[in-house]
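Side-chain atoms are counted along with the backbone in the values below, which use heavy atoms only and exclude waters and symmetry mates.
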Amino acid sequence: MIRFYAITSFSDNLNELKKVKRGVYANVEDEIRSEFSDRSIEEIRSNRDMILMSDDAIVIKLRLPDKKHRLAKKDGYRLIYMVSKNKETVVFLDIYPKRGPKQRLSVSDQELAELLSQFAEEVKSGNLSEFR
């Protein structure tokens, strides 16, 4: 069974998106769940947009549609996640919209390094939260 986790900054970003006025990003959690439901760990690992690969993990940028606003994957959300090569574990690192009031264009190498550092710190301290 695949286990999903989220670092604190991912959860914070997700909550901030859901608070944007008029419910602009209200469906973001549904889009994430929809993307990962009924998928095997091999399908999750095989995404073509790999950002980083190490001995035991792959960091992937996934394009998600924003169905509420009828935006295709290219204009929807960007989800940065890490998947283990050896375990059935997925860790959500970052999420951001490509359009709208909270839009971002990409994640820099420095930001990615900070996200991975936060992941390592939360694993070490036992504070990594499960994503449900």
Side-chain angles (χ1 to χ4, degrees):
M1 181 177 171
I2 302 171
R3 306 235 3 193
F4 294 91
Y5 297 93
I7 63 173
T8 302
S9 64
F10 172 85
S11 298
D12 292 346
N13 287 344
L14 188 63
N15 288 331
E16 286 299 314
L17 288 175
K18 292 189 300 186
K19 289 179 187 176
V20 172
K21 290 182 181 179
R22 296 171 295 177
V24 172
Y25 304 118
N27 291 355
V28 65
E29 246 178 306
D30 294 336
E31 299 296 350
I32 295 169
R33 285 192 176 85
S34 172
E35 184 65 31
F36 288 91
S37 69
D38 301 325
R39 293 186 69 199
S40 70
I41 194 71
E42 289 80 20
E43 291 172 312
I44 294 170
R45 284 184 191 123
S46 67
N47 188 297
R48 287 178 269 156
D49 288 331
M50 289 183 222
I51 297 175
L52 181 68
M53 190 180 304
S54 69
D55 291 340
D56 58 344
I58 305 166
V59 177
I60 296 172
K61 175 173 70 174
L62 178 66
R63 291 166 172 82
L64 294 172
D66 182 349
K67 293 177 185 168
K68 179 179 179 182
H69 295 103
R70 296 187 180 123
L71 294 175
K73 288 182 178 185
K74 71 178 186 116
D75 294 321
Y77 301 102
R78 299 298 180 266
L79 175 65
I80 309 296
Y81 68 91
M82 182 171 57
V83 61
S84 171
K85 289 183 179 178
N86 307 315
K87 301 175 188 170
E88 292 194 353
T89 304
V90 176
V91 180
F92 297 125
L93 301 173
D94 198 8
I95 182 132
Y96 57 93
K98 192 72 173 182
R99 295 192 176 214
K102 295 277 186 176
Q103 78 179 19
R104 284 185 11 218
L105 298 179
S106 65
V107 172
S108 70
D109 291 344
Q110 180 179 348
E111 288 170 319
L112 182 59
E114 289 169 7
L115 293 169
L116 293 172
S117 176
Q118 182 181 356
F119 163 73
E121 186 68 31
E122 289 185 16
V123 166
K124 184 178 178 181
S125 66
N127 291 332
L128 189 64
S129 62
E130 196 161 354
F131 183 82
R132 299 179 187 260

- Task: Look at the rings of F4 and F92 and say which category their plane angle falls in: under 30° parallel, 30 to 60° tilted, over 60° perpendicular.
- Result: parallel
- Quick one: does E35's side chain have a donor or acceptor within less than 3.5 Å of a partner on I32's backbone? no
- Message: Walk me through whether I60 and I51 qualify under side chain to side chain contact (heavy atoms under 4.5 Å, CB included).
- Response: CA-CA 5 Å; I60 296 172; I51 297 175; over 6 Å; no
- Task: Under the side-chain hydrogen bond (donor to acceptor under 3.5 Å, both in side chains) rule, what do S84 and N86 come out as? Steps first, then yes or no, please.
- Result: CA-CA 5 Å; S84 171; N86 307 315; 4.9 Å; no
- Task: State which residues pass side-chain hydrogen bond (donor to acceptor under 3.5 Å, both in side chains) with E111; sequence neighbours excluded, sorted by chain then number.
- Result: S108
- Message: Just by distance, no angles: are the side chains of E114 and Q110 close enough, under 3.5 Å, to form a donor-acceptor pair?
- Response: yes
- The reported gap from CD in Q118 to CG in N127 (rounded to nearest 0.5 angstrom) is 10.5 Å
- Message: Treating Y96 as the side-chain partner and N13 as the backbone partner, does any N or O pair qualify as donor plus acceptor under 3.5 Å?
- Response: no
- Task: Can you establish whether the number of heavy atoms outside K87 located under 6.0 Å from its atom NZ is more than 12?
- Result: no
- Query: Is there a donor in the side chain of S54 and an acceptor in the side chain of D56, or the other way round, less than 3.5 Å apart?
  - Reply: yes
- Query: Any sub-3.5 Å donor-acceptor pair from S125's side-chain atoms to E121's backbone N or O?
  - Reply: yes
- Item | Min side-chain heavy-atom separation L115-V59 under 4.5 Å | no
- Heavy-atom distance under 4.5 Å between the side chains of L128 and I7, does that happen here? yes
- If you measure from CD1 on I95 to OG on S9, what distance do you get to the nearest 0.5 Å? 12.0 Å
- Residue pair Y77 / P65: nearest heavy atoms and the distance that separates them: CD1-O, 3.7 Å
- Query: Mind checking what makes side chain to side chain contact (heavy atoms under 4.5 Å, CB included) contact with R63, not counting sequence neighbours?
  - Reply: D49, K61, K73, R78
- Would you give the length of the straight line joining atom CG of L14 to atom CG of D94, rounded to the nearest 0.5 angstrom? 10.5 Å
- Rounded distance [0.5 Å steps], OG in S46 versus CD in E42: 8.5 Å
- Task: Can you measure from CG (N27) to CG (L64) and round to the nearest 0.5 angstrom?
- Result: 12.0 Å
- Query: Which distance, rounded to the nearest 0.5 Å, do you find between the CD1 of I58 and the CE of M53?
  - Reply: 5.0 Å
- Are the side chains of Y81 and F10 in touch, meaning some heavy atoms are under 4.5 Å apart? no
- Task: Could you give me the CA-CA distance, side-chain angles and deciding distance for F36 and L62, then say whether side chain to side chain contact (heavy atoms under 4.5 Å, CB included) is met?
- Result: CA-CA 11 Å; F36 288 91; L62 178 66; 4.0 Å; yes
- Message: Taking E29 first and then K18, would you say they form a salt bridge - that is, a charged N and a carboxylate O separated by under 4.0 Å?
- Response: yes
- Message: Within the 4.5 Å heavy-atom criterion, are M82 and V90 side-chain neighbours or not?
- Response: no
- Is there a side-chain contact between S129 and Y5, using heavy atoms and a 4.5 Å cut-off? no
- Item | Contact summary for K102 and E16, nearest pair of heavy atoms | NZ-OE1, 4.0 Å
- Query: Can you tell me if CZ on R3 sees more than 12 non-hydrogen neighbours from other groups inside 6.0 Å?
  - Reply: no
- Query: Are any non-hydrogen side-chain atoms of I2 and I44 less than 4.5 angstrom apart?
  - Reply: yes
- Residues, nucleotides or ligands: over 12 heavy atoms within 6.0 Å of K98 NZ: yes
- Got more than 12 heavy atoms from elsewhere within 6.0 Å of CZ, R104? yes
